[in-house]
Peer 1: 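The structure that follows is given in the form of structure tokens.
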Amino acid sequence: MCHVIVTCRSMLWTLLSIVVAFAELIAFMSADWLIGKARSRGGGVEPAGPGGSSPEPYHPTLGIYARCIRNPGVQHFQRDTLCGPYAESFGEIASGFWQATAIFLAVGIFILCMVALVSVFTMCVQSIMKKSIFNVCGLLQGIAGLFLILGLILYPAGWGCQKAIDYCGHYASAYKPGDCSLGWAFYTAIGGTVLTFICAVFSAQAEIATSSDKVQEEIEEGKNLICLL
């Protein structure tokens, strides 16, 4: 019989696990890892507009495999941009370091998504083959965090590739972004990595909460729905 056990710590761990997985996935898919130096529509100096005003510059953005640039065909909507992958295959990713980053992040995110999926069922199933699901998931989250760290360490090493130089200027090199600034996706990936390790540690607290004496007493009393603060 399934005993549904809900505690504050286990629920918080489940919610954090889901948030972390989505945050890392969104960051990985985003083109906002590097924010390029300001450009005019044509990539160079444009003539002044009506009244002598200069056209508003824009900042192209570059991700691991995607980019956002100004739509050159739009004349009246200055903020319209074209976003999408610049690499049609894995081999076309701009740098070998970014290819390695993509692999490490993809593996880490896959593990996090699997843990997030499993965490939903921990309210009903707390162990498999006499192993605590919380402890197993916590271990997997720790492993995923290591993959994410490796990916984030290797990513700046690719700033010296030609693609990054095109966006960030000739001063861009490994671990030096040149004229570029870091976008929200990079910081989101870092924040998600930190939360991943927090989740790994917090899984132990969730295990303690769901296996406490009070929970066991209520199970022995025949209760199928157990909610504890």
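In this text, all values refer to a predicted model and were calculated from it rather than measured experimentally.
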Peer 1: Looking only at non-hydrogen atoms, find the nearest pair between Ala100 and Leu154 and report the distance.
Peer 2: CB-CD1, 3.7 Å
Peer 1: Would you say that Trp33 contacts Thr61 through its side chain, given a criterion of any heavy-atom pair below 4.5 Å between the two side chains?
Peer 2: no
Peer 1: Measure the spacing between OG of Ser181 and CG of Asp32 and express it to the nearest 0.5 Å.
Peer 2: 10.0 Å
Peer 1: If every non-hydrogen atom of Gly158 is compared with every non-hydrogen atom of Ala164, which pair is closest and at what distance?
Peer 2: O-CB, 4.2 Å
Peer 1: Could you tell me which non-hydrogen atom of Phe197 sits nearest to which non-hydrogen atom of Leu146, and how far apart they are?
Peer 2: CZ-N, 3.8 Å
Peer 1: Please check this pair: side chain of Thr101 against backbone of Gly151, looking for a donor-acceptor N/O pair closer than 3.5 Å.
Peer 2: yes
Peer 1: Would you please name every residue forming a ring-ring contact (aromatic ring centres under 6.0 Å, His included) with Tyr167, sequence neighbours left out?
Peer 2: none
Peer 1: Describe, in one word, how the ring planes of Trp98 and Tyr155 are oriented to each other, choosing from parallel (under 30°), tilted (30 to 60°) and perpendicular (over 60°).
Peer 2: parallel
Peer 1: Would you tell me whether Gln141 and Ser17 have side-chain atoms, one donor and one acceptor, within less than 3.5 Å of each other?
Peer 2: yes
Peer 1: Which donor-acceptor pairs under 3.5 Å do side chains of residues 170-177 form with protein atoms, sequence neighbours excluded?
Peer 2:
from: Tyr175; atom 1: OH; to: Ile153; atom 2: O; distance (Å): 2.9

Peer 1: The test is side-chain contact (heavy atoms from CB on, under 4.5 Å); show your working for Cys161 and Phe97 and say whether it passes.
Peer 2: CA-CA 9 Å; Cys161 69; Phe97 290 109; over 6 Å; no
Peer 1: Using side-chain heavy atoms (C-beta onward) and a distance below 4.5 Å, is Ile165 in contact with Trp159?
Peer 2: no
Peer 1: Is the backbone N or O of Ala27 less than 3.5 Å from a side-chain atom of Ser30, with the two atoms forming a donor-acceptor pair by type?
Peer 2: no
Peer 1: Apply side-chain contact (heavy atoms from CB on, under 4.5 Å) to residues Tyr187 and Leu182 and explain how you reach the verdict.
Peer 2: CA-CA 8 Å; Tyr187 293 113; Leu182 298 177; 3.7 Å; yes
Peer 1: Applying side-chain contact (heavy atoms from CB on, under 4.5 Å), run through Leu112 and Leu25 and close with a yes or a no.
Peer 2: CA-CA 9 Å; Leu112 290 179; Leu25 180 60; over 6 Å; no
Peer 1: Counting neighbours of CD on Gln162 that are heavy atoms of other residues, nucleotides or ligands and sit closer than 6.0 Å, is the number greater than 12?
Peer 2: yes
Peer 1: Between Val136 and Leu139, is there shared hydrophobic-cluster membership here, with clusters defined by ILVMFWY side-chain heavy atoms closer than 4.5 Å?
Peer 2: yes
Peer 1: Without swapping roles, check the side chain of His59 against the backbone of Ile35 for a donor-acceptor pair under 3.5 Å.
Peer 2: no
Peer 1: Are there over 12 heavy-atom neighbours, none belonging to Phe202, within less than 6.0 Å of that residue's CZ?
Peer 2: yes
Peer 1: Run the side-chain contact (heavy atoms from CB on, under 4.5 Å) test on Ile133 and Val118 for me, step by step, so that the C-alpha distance in whole Å, both residues' side-chain angles and the decisive distance to 0.1 Å come before the verdict.
Peer 2: CA-CA 8 Å; Ile133 289 183; Val118 171; 3.8 Å; yes
Peer 1: Surrounding CZ of Phe147 (heavy atoms of other residues, nucleotides or ligands, distance under 6.0 Å), is the total greater than 12?
Peer 2: no
Peer 1: Which pair of heavy atoms, one from Ala66 and one from Met29, lies closest together, and at what distance?
Peer 2: CB-O, 4.5 Å
Peer 1: Contact between Ile64 and Leu105 at the side-chain level, heavy atoms closer than 4.5 Å - yes or no?
Peer 2: yes
Peer 1: Does Val20 offer a backbone N or O that forms a donor-acceptor pair with the side chain of Glu24 under 3.5 Å?
Peer 2: no
